[in-house]
Structures are given as C-alpha cells and as structure tokens.
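Along the sequence shown, residues carry numbers from 1. The structure presented is a predicted model; accordingly, all values stated were derived computationally and were not measured. Values below: all heavy atoms of this structure, side chains included; hydrogens, waters and symmetry mates excluded.
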Amino acid sequence: MQRTLTITRPDDWHLHLRDGDMLAGILPETTRDFGRAIIMPNLVPPVVTSLDALRYRARIIDLLPDDDDFLPLMTLYLTEGTDPEDVAMAAKTRTIAAVKLYPAGATTNSDSGVRDLDRVMPVLEKMAGIGLPLCVHGEVTDPHVDIFDREATFIERVLSPLQTRLPTLRVVMEHVTTRDGVAYVNATRNTAATLTTHHLIINRNTLLVGGIRPHYYCLPIAKREAHRLALLEAATSGNPNFFLGTDSAPHTDPAKESACGCAGVFSATNTMPCLAHVFEEADALDKLEAFTSLNGPAFYGLPPNPGKITLTKQDTPVTFPAKIETDAGPITVFDPGFPIHWQVA
Ligand code: NCD
Ligand code: ZN
C-alpha cells in the first residue's frame, strides 16, 4: 500500500477569498498547500474594473507573510457595462487571468451579473481574440427551471449557442456538477472544467436525507449519485481538460445555519487530504498530480509551480479543525463524512 505521494505544488482554479476580516482569517487555509489560486470577483461591490482587481490583489498580498510566495490570480466580474479595452489592458499587464460570467441572480452576490449576452459580445469577442479565458457559472436563473436541472439547461440554452457563435473563445465551465457538463466539455473545443472537492464526495442525499445539512448546501447544488460518479471519472481520468477548482466559499456559521442559509462549502483547509482519499479509493493516486497541479496551468498557459508537496498516509485518522475562527465569525470546515488518513507533510 502506498504511504507517501510527492507531487508538484497544487493550485486552486476557483476560490472565494472574500475581503476584510474574513479574508484575513481564511487566507492561510489556502496558502498552506496551494501555490496559486484563481480569485473569484463576487465581492460586495464586485471586482469589475482592472483598478478594482489591482486593489483587491494588493489587499490579499498585504496579508501574506513576507516569505510566502502565494500568487493570487485575479478575475474581473463581467457586467453589461464592462469596457473591452479595460479587459484587454488588464490581460496584457497580467493584472487578471480570466473574466467571470455570472448570470444575474444565479448565486451569492451575482446581482450585477449578465442578463443579456448580446450586451457583452464586444467583451467576449475581444477575449476570444487575445485568448483570455471566460470562467462561467453555468446555471440558468429562469424560475421555471428546477434547481437540479439548471446546469444542463444552461448548456443547452446559453453555453452551446455562445460557443457556436464564438468558437475561439476559451471557456472554463466552473464547478461542473452533472454528467451533462462532463459530456459537454468532452465534446467541445476550447473548453475545460473545474471540479470541486465536495462535488466529488457528496450527493444530494448527503445534503437532505435524515435532516437538512446547511454546510453541504452550495451552488450548483449537489446532484444525484450518478452525476457524482461521472465527475469522479472525469477527475481521475487524466483528461487535461478537467482540473481542481475547490469553490471553497466561506460564510459564517450564523449565515449558513439559518432559515434561509447561504450557499457555499468551505473546503480550503482539508482539500488535498480529501482528494488523496478519493483518488486512492478510485485506484487513481497516480492521476492526482495532473488534476491538482498540471492540467490547470496548462490550460491557463502558465508553468506548473516549482515547489512540491508530500502527502503521507497515517494509520490513525488525521484531525482537522471543525471550524476556523475568524474576526468575522466562525466558519465550518467541510466534513467529507469519512475518516481522513492523508495529510500534507
Ligand atoms: C459561492 C459564494 O458563496 O460566493 N457559493 C457557492 O455556493 N458556490 C458562489 C458561487 O461560486 O456560486
Ligand atoms: Zn464559486
């Protein structure tokens, strides 16, 4: 049985770091294991312009210890008022690594998102021209569409027509949760997907059977087991178009444990040990490095991190904090529902 695994230092290609006290409290949870992360722009107010991104990046870097070389890769929040020239300038100066499309109202802090794709075509055409990736939250917001069908319907109604119209646009379908999403990525050029830690582990029963468990509520919502198995197959396949984006999305416990709880799972603390467990169970430990450390940089046109991390397997379960205490409040850490034996040395 394999007891140690040394891999290239991983990156997180979809992360919510928030701002202020929460940012300060949770940043070390990511920088401990990860070299870089794509930082989501859904602050209140959102990160819309290149100047917003520069300022947000400075707030993150200010909180890093001097000897920490963690690199936040910034994104812009696409709005119907986004200026294509500002996006092009931010890409050229490497202020940003991608632009994020939120359909208006699809998820947490997405009110300023896009209602009519026609209005952002000049930005998307510019991005296609310069090769800047578009990260997509792939869910429709039509109230008539069932929440469990919103990803599949988005592909059919929005994403597929957009990519037919603009086939050179490079797209990352963020946090894919369905076999439909996996199939779409496999069939479409210039398209990759991130997969989260929790969607590889939980299904909708984990969320709803025996009582409603708010710390497993996230968007896109966890689907049925057949979908989880399709995600697992994609993650462990070695296919370069699938890579890790934890979507670690902290909300304080009072905001989650409420009659109308916020969406988001916080998995930064124990993602690598959870993934080592999952990949080992799938007899695919040899594919973990591609998923967490190689496929993402290749898609984004960046070199893999220079450093390495070593995961070791312990005889007795490793304990992780149940909560991270921040000055914004306590944040519950993702519980995979199984004992974890792997730890990052
Ligand atoms: C994210 C958040 O809280 O910002 N929540 C979530 O459930 N994933 C937003 C998002 O990525 O959809
Ligand atoms: Zn997210």
Side-chain angles (χ1 to χ4, degrees), residues 11-20 23 30 36-62 70-139 141 158-159 162-163 166 168-175 190-194 219 245-249 296-297 299-302:
D11 299 305
D12 184 347
W13 299 96
H14 181 130
L15 176 67
H16 298 269
L17 281 182
R18 314 302 191 203
D19 214 344
L23 167 63
T30 285
R36 296 168 291 199
I38 286 272
I39 310 302
M40 286 295 128
N42 63 332
L43 304 182
V44 193
V47 179
V48 173
T49 66
S50 55
L51 186 60
D52 296 339
L54 278 172
R55 288 183 171 148
Y56 185 28
R57 182 169 68 187
R59 295 199 293 282
I60 297 167
I61 289 174
D62 273 352
F70 175 77
L71 188 65
L73 301 170
M74 309 310 290
T75 59
L76 295 184
Y77 186 117
L78 183 61
T79 70
E80 293 182 2
T82 294
D83 172 8
E85 293 312 319
D86 185 53
V87 170
M89 193 269 288
K92 193 161 178 226
T93 55
R94 299 196 172 252
T95 303
I96 58 164
V99 170
K100 177 74 189 255
L101 167 66
Y102 288 102
T107 188
T108 312
N109 306 335
S110 61
D111 300 345
S112 337
V114 174
R115 286 183 169 76
D116 178 1
L117 268 181
D118 284 339
R119 307 187 81 144
V120 296
M121 279 317 280
V123 180
L124 300 182
E125 281 159 8
K126 182 64 117 185
M127 290 172 62
I130 61 179
L132 185 70
L134 180 71
C135 297
V136 177
H137 183 108
E139 290 192 287
T141 53
V158 183
L159 193 57
L162 171 65
Q163 292 196 268
L166 208 53
T168 54
L169 180 67
R170 311 188 67 238
V171 169
V172 186
M173 263 197 92
E174 299 289 345
H175 40 51
N190 290 321
T191 306
T194 53
L219 290 171
T246 64
D247 194 20
S248 183
F299 183 86
Y300 276 92
L302 297 167

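Heavy atoms from other residues, nucleotides or ligands lying under 6.0 Å from CZ of Arg59 number more than 12.
Checked against the 6.0 Å centroid criterion, the rings of Trp13 and Phe299 do not qualify as a close aromatic pair.
Closest of all the heavy-atom pairs between Ala104 and Asp111 is CB-O, 4.2 Å. Nearest heavy-atom pair across Thr49 and Asp86 is CA-OD2, 3.5 Å. Considering all non-hydrogen atoms of both residues, Ala90 and Ser50 come closest at CB-CB, 3.6 Å. What you find for Ala91 and Leu132 is that their closest heavy atoms are CB-CD1, 3.9 Å. Of all non-hydrogen atoms in Glu80 and Asp116, the two that sit nearest each other are OE2-N, 2.8 Å. Considering every non-hydrogen atom in both Asp52 and Val48, the closest pair reads OD2-N, 2.9 Å.
A donor-acceptor pair is defined here as one N or O able to donate and one able to accept, closer than 3.5 Å; no such pair exists between the side chain of Tyr56 and the backbone of Pro46. Proximity of a side-chain donor or acceptor of Thr194 to a complementary backbone N or O of His175 within less than 3.5 Å is detected. No donor-acceptor pair under 3.5 Å is formed between the side chain of Tyr102 and the backbone N or O of Leu78. Between the Asp11 side chain and the Arg36 main chain, a donor and an acceptor come within less than 3.5 Å of each other. Asp247 contributes no side-chain N or O that, together with a main-chain N or O of His14, makes up a donor-acceptor pair within less than 3.5 Å.
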(request) Show your reasoning for whether side chain to side chain contact (heavy atoms under 4.5 Å, CB included) applies to Thr82 and Leu76. (result) CA-CA 9 Å; Thr82 294; Leu76 295 184; 5.5 Å; no

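In this structure, Ile39 CD1 and Thr30 OG1 are separated by 7.5 Å, a value rounded to the nearest 0.5 Å. In this structure, the separation between CD on Gln163 and OG1 on Thr168 is 10.0 Å, given to the nearest 0.5 Å. Distance CG/Leu219 to NE2/His137: 6.0 Å, rounded to 0.5 Å.
Here Phe70 pairs with nothing under the ring-ring contact (aromatic ring centres under 6.0 Å, His included) rule; sequence neighbours left out.
Between the side chains of Thr246 and Asp12, a donor-acceptor pair is found at a separation under 3.5 Å.
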